[in-house]
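What follows is one structure encoded as structure tokens, with my remarks underneath.
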Amino acid sequence: MPLPSSVSIIGASGALGQGLALRWAQAGVPLVLGSREAQRAAEAAAAVVAAVPGAAVEGVDNVAAAAVSPVVVLSVPFSAQAKTIKQISESLTPGQLVIDATVPLAAQVGGKPTQILGVWQGSAAQQAASLLPEGVHIVGGLRAVDAGRLENSRITESLTALMIGINIRNKAHAGIRITGL
Ligand SMILES: NC(=O)c1ccc[n+]([C@@H]2O[C@H](COP(=O)([O-])OP(=O)(O)OC[C@H]3O[C@@H](n4cnc5c(N)ncnc54)[C@H](OP(=O)(O)O)[C@@H]3O)[C@@H](O)[C@H]2O)c1
């Protein structure tokens, strides 16, 4: 599969955004890192370049980041998802792909990280789909495995809470692998 011309990460100063940025930088993907504060985005970009010298990474505010790449990753807490989408919506254009990484963990509203919040639309990804401009495509998750309709994101998002619970109980870093494809 060809690499995208660039990938923008909204909320790139966070744990997931930094992890994704490092791995994509190592794979040679040009990156545009977004933050609510351009200065924080610049610092996040500098951290990636320090770890991956020569990486093509810049840091800008979320609204600017959303406008420039064919692929845009939304990596903010669920509690900030709707607000963030509304902020970047005017920057998005039909044909762009949004990868929604948000998981509606109860921890984000003071509950347990092993529990999932109920979302009226069915899942965080479906809530995102309901808020994004027409013509902007959306998928939930990051592996290029076709898992069917967006409704199935309620299952994949729930796996995060399950894995957190398994890892807490077993003091492990267990994961899930799709085999046989
Ligand atoms: N961490 C993981 O391993 C992991 C794995 C799977 C899924 N996820 C999901 O991916 C998303 C991001 O995870 P994370 O651990 O990177 O989260 P995080 O560190 O808590 O937040 C990511 C970024 O979102 C921005 N943000 C925080 N609060 C905000 C608010 N109230 N309004 C707007 N922006 C806000 C911040 O960037 P600025 O302050 O720079 O704007 C922050 O650095 C979450 O929904 C999480 O459930 C995380």
Side-chain angles (χ1 to χ4, degrees), residues 7-25 31-48 51 57-67 71-92 97-119 121-132 138-145 147 150 152-168 172-178:
V7 172
S8 292
I9 303 176
I10 308 302
S13 60
L16 181 65
Q18 280 282 288
L20 293 174
L22 279 175
R23 284 158 182 76
W24 277 324
L31 296 170
V32 182
L33 305 189
S35 164
R36 287 170 291 178
E37 298 289 337
Q39 176 61 29
R40 220 165 21 246
E43 289 165 8
V48 173
V57 188
E58 63 174 319
V60 296
D61 65 64
N62 282 337
V63 174
V71 177
V72 178
V73 180
L74 190 59
S75 182
V76 297
F78 175 70
S79 53
Q81 186 212 44
K83 182 180 68 176
T84 305
I85 291 175
K86 284 174 187 163
Q87 285 166 351
I88 65 172
S89 272
E90 281 188 17
S91 301
L92 295 168
L97 173 67
V98 170
I99 300 173
D100 179 46
T102 60
V103 177
L105 291 179
Q108 294 180 5
V109 292
K112 296 181 178 177
T114 52
Q115 293 177 345
I116 287 281
L117 296 170
V119 182
Q121 292 84 348
S123 64
Q126 287 168 287
Q127 174 168 283
S130 74
L131 296 168
L132 286 167
I138 174 162
V139 294
L142 294 167
R143 293 291 299 275
V145 174
L150 201 60
N152 286 340
S153 54
R154 76 187 69 180
I155 299 171
T156 56
E157 289 169 13
S158 302
L159 292 176
T160 302
L162 178 69
M163 293 314 299
I164 290 171
I166 288 172
N167 284 325
I168 289 173
H173 292 94
I176 291 177
R177 177 173 293 170
I178 307 295

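What you see below is based on every heavy atom in this structure, not just the backbone, and it leaves out hydrogens, waters and symmetry mates. As the structure is a prediction and not an experimental result, all values here were calculated from the model. Both counts, for ligands and for their atoms, begin at 1 and track the order of listing. In this chain, residues are counted from 1 in sequence order.
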(request) Report yes if some N/O of Gln108 lies less than 3.5 Å from some N/O of ligand 1; otherwise report no. (result) yes
(message) Quick check on contacts: which atoms of ligand 1 are under 4.0 angstrom from a heavy atom of Gly14?
(response) 16 (O), 19 (O), 22 (C), 43 (O)
(request) Around atom 22 (C) of ligand 1, find the nearest protein heavy atom and jot down its residue, atom name and distance. (result) Ser75 O, 3.4 Å
(message) Tell me the closest heavy-atom pair linking Ala174 and Asn167, and the distance in Å.
(response) N-OD1, 2.7 Å
(message) Which option wins on minimum heavy-atom distance to atom 38 (P) of ligand 1: Ala15, Ser79, Ala80, Ser13?
(response) Ser13
(request) Give, for atom CG of Leu92 and atom CD1 of Ile10, the distance between the pair rounded to the nearest 0.5 Å. (result) 7.5 Å
(request) Measure the spacing between CD of Gln121 and CG of Leu150 and express it to the nearest 0.5 Å. (result) 11.0 Å
(request) Without swapping roles, check the side chain of Gln115 against the backbone of Ala106 for a donor-acceptor pair under 3.5 Å. (result) no
(message) Give me the nearest non-hydrogen protein atom to atom 16 (O) of ligand 1 as residue plus atom name, then the distance to 0.1 Å.
(response) Leu16 N, 2.9 Å
(message) Can you report which non-hydrogen protein atom sits closest to atom 9 (C) of ligand 1, along with the distance?
(response) Ala101 O, 3.2 Å
(message) Could you report the tightest heavy-atom contact between Gln18 and Ala47, atom names first, then the distance?
(response) OE1-CB, 3.8 Å
(request) Starting from atom 20 (O) of ligand 1, locate the nearest protein heavy atom and write down its residue, its atom name and how far away it is, to 0.1 Å. (result) Pro77 CG, 3.8 Å
(request) Report yes if some N/O of Thr160 lies less than 3.5 Å from some N/O of ligand 1; otherwise report no. (result) no
(message) Is there a polar contact between ligand 1 and Thr84, counting only N or O atoms under 3.5 Å apart?
(response) no
(request) Kindly compute the distance separating CG (Asn62) from CD1 (Ile88), expressed to the nearest 0.5 Å. (result) 7.0 Å
(request) Give the numbers and elements of all ligand 1 atoms closer than 4.0 Å to a heavy atom of Ser35. (result) 38 (P), 40 (O), 41 (O)
(message) Please report the interatomic distance CG(Leu74) to CD1(Ile138), rounded to the nearest 0.5 Å.
(response) 7.5 Å
(request) Considering the heavy atoms of Gly11, write down every atom of ligand 1 situated less than 4.0 Å from one of them. (result) 22 (C), 23 (C)
(request) Output the list of atoms in ligand 1 that are nearer than 4.0 Å to some heavy atom of Phe78, sorted by atom number. (result) 45 (O)
(request) Ignoring angles and geometry beyond distance, decide whether Arg36 reaches within less than 3.5 Å of ligand 1 through its nitrogen or oxygen atoms. (result) yes
(request) Could you find the nearest protein heavy atom to atom 11 (C) of ligand 1 and give me its residue, atom name and distance? (result) Val76 O, 3.3 Å
(request) Show which atoms of ligand 1 fall inside a sub-4.0 Å distance from at least one heavy-atom site of Thr102. (result) 45 (O)
(request) Might you work through the side-chain contact (heavy atoms from CB on, under 4.5 Å) test for Ile116 and Leu105, ending with a clear yes or no? (result) CA-CA 5 Å; Ile116 287 281; Leu105 291 179; 4.1 Å; yes
(message) Need the ligand 1 atom indices (1-based, order shown) with element for anything under 4.0 Å from a heavy-atom of Val103.
(response) 7 (C), 45 (O), 47 (O)
(request) Before signing off on this row, confirm whether Leu105 and ligand 1 have an N or O atom pair separated by under 3.5 Å. (result) no
(request) Select one of side chain, backbone, both or neither to describe which atoms of Arg40 lie under 4.0 Å from any atom of ligand 1, heavy atoms only. (result) side chain
(request) Return yes if some donor-acceptor pair links the side-chain N/O of Glu157 with the main-chain N/O of Ala124 below 3.5 Å, else return no. (result) yes
(message) Quick one: does any side-chain atom of Thr114 pair with a main-chain N or O of Gly165 as donor and acceptor, under 3.5 Å?
(response) no
(message) Using modelled atom types and a 3.5 Å cut-off, is there a donor and acceptor pairing between side-chain atoms of Gln126 and backbone atoms of Ser123?
(response) yes
(message) Taking atom CD as the centre, does Glu37 end up with more than 12 heavy-atom neighbours from other residues, nucleotides or ligands that are less than 6.0 angstrom away?
(response) no
(request) Report yes or no: does Lys83 have a heavy atom closer than 4.0 Å to ligand 1? (result) yes
